[in-house]
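Keep in mind that the numbers below use all heavy atoms, side chains included, and drop hydrogens, waters and symmetry copies. Sequence lines set the chain letters: A, B, ... in the order given, protein chains first and strands last, and positions in each chain run from 1.
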2 protein chains.
Amino acid sequence: MTEPAYVAIAGEYARRIRHGDLPSGTQLPSYAEIAERHSVSDIVVRKALDLLQSQGLVRAVRRRGVFVADRPNLIRISPERQMETPEVTFGTESDGEINIDRHTERVSATDALAETFGLSPGDEITHVITRASEGRRPISISDTYQPLDVTGTSEAAILEETLTDQLPTPVHAEWLRVGPGDLVKMVHQRFLAADGRVIMVSNVSYPRDRYDAFVFRMALTES
Amino acid sequence: MTEPAYVAIAGEYARRIRHGDLPSGTQLPSYAEIAERHSVSDIVVRKALDLLQSQGLVRAVRRRGVFVADRPNLIRISPERQMETPEVTFGTESDGEINIDRHTERVSATDALAETFGLSPGDEITHVITRASEGRRPISISDTYQPLDVTGTSEAAILEETLTDQLPTPVHAEWLRVGPGDLVKMVHQRFLAADGRVIMVSNVSYPRDRYDAFVFRMALTES
DNA sequence: AAGTGGTCTAGACCACGTG
DNA sequence: ACGTGGTCTAGACCACTTG
């Protein structure tokens, strides 16, 4: 009934990080050193630090060490924010220069996309790839799909956002420069018209070491 | 530069699950069997399935096996939904009988809570613990804190929600019956008055096997 | 009794960054 | 040259569920 060693170790570091005892950027001892200090094998330490990584508290850098993460969060103002251009969205949350690259093409709809839009498989749709970076650091990459007869989201009445951790697509993984086996934060958006039709879907990937948590800020309506 | 074995195995199962090839509830082969099938050690298989678990695609049950997760999602309608009572919120998303248990007490504010509310450490505040279950299955547990001179959220003008994966507090872990080392989904809410004062904060924990993804659905305002 | 997932050990090699 | 994190192997014991 007692706590496994890796949970105890993870809990100890989690507490020290949240208490501010270990500030952002601090390097943790190496796996070998923590292992020796707690008299466990290094596998146990790895499992403990994996737990901290999946909470976004630390960040392991290959051949350098494990560091306490800085946690800028991602502020999403709903729903107004969703209609902004990426330039505006990122411009307000960063002081570095933001670079946005867009690439538009026509593709054949996959079965899933065709069903989403009420089209036939193979019908052509618009595919926009948007890459955002701050300086040389990638921030996000998104795939946006839309029927040819719709442009933008001006017809949209409802937005659904689903937040998940996912294995990135190869294209997303390459742009975000995440290692194999690293998960990314994915925001899946569906824009619906007033009649219920889906007029646009978008998958936006973010590296987890930049945005470990998502913050939704919303104005409350009078009841 | 080639993909590690555990990523390849995780990717294969992720694809088959998402394609519907492996429907919800399907039992996966045991670690030993997958290991043999892919000619790797069982540690590699564990790492692969850990990856799937952190994506919410599968759920390992001690001494039974690993199963494809059913993914009911949690629909949160923002912002209207936030003002509903838990009875209404859960009642609409389930057909089982929902049980809500509330416990109210006065406690001394910790340093962090005192600072949040603009009080002095040790000042008394209201603490409400809310436990929700469906039948005998726990759904959520929350800690809500509020200054004594405020009741409810009628003064609230803005709501901020932060979504994270966290190691649960011991009380939350016990109620949700999650094992040691299991993370929970935590929604941290801050209700702000029009003048910027924080009038209520709440930490709500959910087991990850019930809600692997969060869906925010919002009406778009005319621009 | 057999099989399951959970935990843990004690080794090993690799690629790469730092001193 | 050394230390780092990343990957992988081949064992082991435990507590429990299932047939």
*Asks:* Looking at every heavy atom in both A:Tyr206 and A:Val184, which two are closest together, and how far apart are they?
*Replies:* O-CB, 3.4 Å
*Asks:* Going through the distances and angles, do B:Gln166 and A:Gln55 end up as a side-chain hydrogen bond (donor to acceptor under 3.5 Å, both in side chains)?
*Replies:* CA-CA 6 Å; B:Gln166 299 224 343; A:Gln55 296 177 78; 5.8 Å; no
*Asks:* Of all residues at least two apart in sequence or in a different chain, which pass the salt bridge (Lys or Arg N to Asp or Glu O under 4.0 Å) check with B:Asp143?
*Replies:* none
*Asks:* For residues 60-67 of chain A, which side-chain N or O atoms pair as donor and acceptor with protein atoms under 3.5 Å away, sequence neighbours left out?
*Replies:*
none

*Asks:* If you look only at distance, which donor and acceptor atoms sit under 3.5 Å apart when one is on a side chain in residues 39-50 of chain B and the other is two or more places apart or in another chain?
*Replies:*
from: B:Ser41; atom 1: OG; to: B:Ile43; atom 2: N; distance (Å): 3.1
from: B:Asp42; atom 1: OD2; to: B:Arg46; atom 2: NE; distance (Å): 3.1
from: B:Asp42; atom 1: OD2; to: B:Arg46; atom 2: NH2; distance (Å): 3.3

*Asks:* Check every nucleotide of DNA chain C for an atom under 4.0 Å from a heavy-atom of chain A, then give the first and the last such nucleotide from 5' to 3'.
*Replies:* C:dT7 to C:dT18
*Asks:* Tell me, which of residues 51-69 of chain A have any heavy atom that sits under 4.0 Å from an atom in DNA chain C?
*Replies:*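 Of all residues in residues 51-69 of chain A, the ones placing a heavy atom under 4.0 Å from DNA chain C are A:Arg63, A:Arg64.
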*Asks:* A:Thr162 and A:His188: side-chain donor and acceptor closer than 3.5 Å?
*Replies:* no
*Asks:* Taking salt bridge (Lys or Arg N to Asp or Glu O under 4.0 Å) as the test, write out the residues that go with B:Asp182, two or more places apart.
*Replies:*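 Salt bridge (Lys or Arg N to Asp or Glu O under 4.0 Å) list for B:Asp182, sorted by chain: empty.
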*Asks:* Under 6.0 Å from the CD atom of A:Glu12, do we count more than 12 heavy atoms belonging to anything else shown?
*Replies:*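 Yes, CD of A:Glu12 has more than 12 neighbouring heavy atoms, counting only those of other groups under 6.0 Å.
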*Asks:* Under a 4.0 Å heavy-atom cut-off, which of residues 23-33 of chain B touch DNA chain C?
*Replies:* B:Ser30, B:Tyr31
*Asks:* Going by salt bridge (Lys or Arg N to Asp or Glu O under 4.0 Å), name the residues that satisfy it together with B:Arg59, two or more places apart in sequence or in a different chain.
*Replies:*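 Partners of B:Arg59 under the salt bridge (Lys or Arg N to Asp or Glu O under 4.0 Å) test: none.
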*Asks:* Quick one: side chain to side chain donor-acceptor pair (under 3.5 Å) partners of A:Glu33, sequence neighbours excluded?
*Replies:* A:Arg37
*Asks:* Could you tell me which residues satisfy side chain to side chain contact (heavy atoms under 4.5 Å, CB included) with A:Leu163, sequence neighbours excluded, listed by chain and number?
*Replies:* A:Val187, A:Phe214, A:Phe216, B:Leu163
*Asks:* With the threshold set at under 4.0 Å for non-hydrogen atoms, list the residues of residues 172-185 of chain A touching DNA chain C in residue-number order.
*Replies:* none
*Asks:* Heavy-atom nearest nucleotide on DNA chain C for A:Arg46 versus B:Arg46: which residue maps closer to 5'?
*Replies:*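 Nearer the 5' end of the strand: B:Arg46.
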*Asks:* Side-chain donor-acceptor pairs under 3.5 Å in residues 104-115 of chain B, sequence neighbours left out?
*Replies:*
from: B:Glu105; atom 1: OE2; to: B:His127; atom 2: ND1; distance (Å): 3.0
from: B:Arg106; atom 1: NH1; to: B:Glu124; atom 2: OE1; distance (Å): 3.3
from: B:Thr110; atom 1: OG1; to: B:Leu113; atom 2: N; distance (Å): 3.2

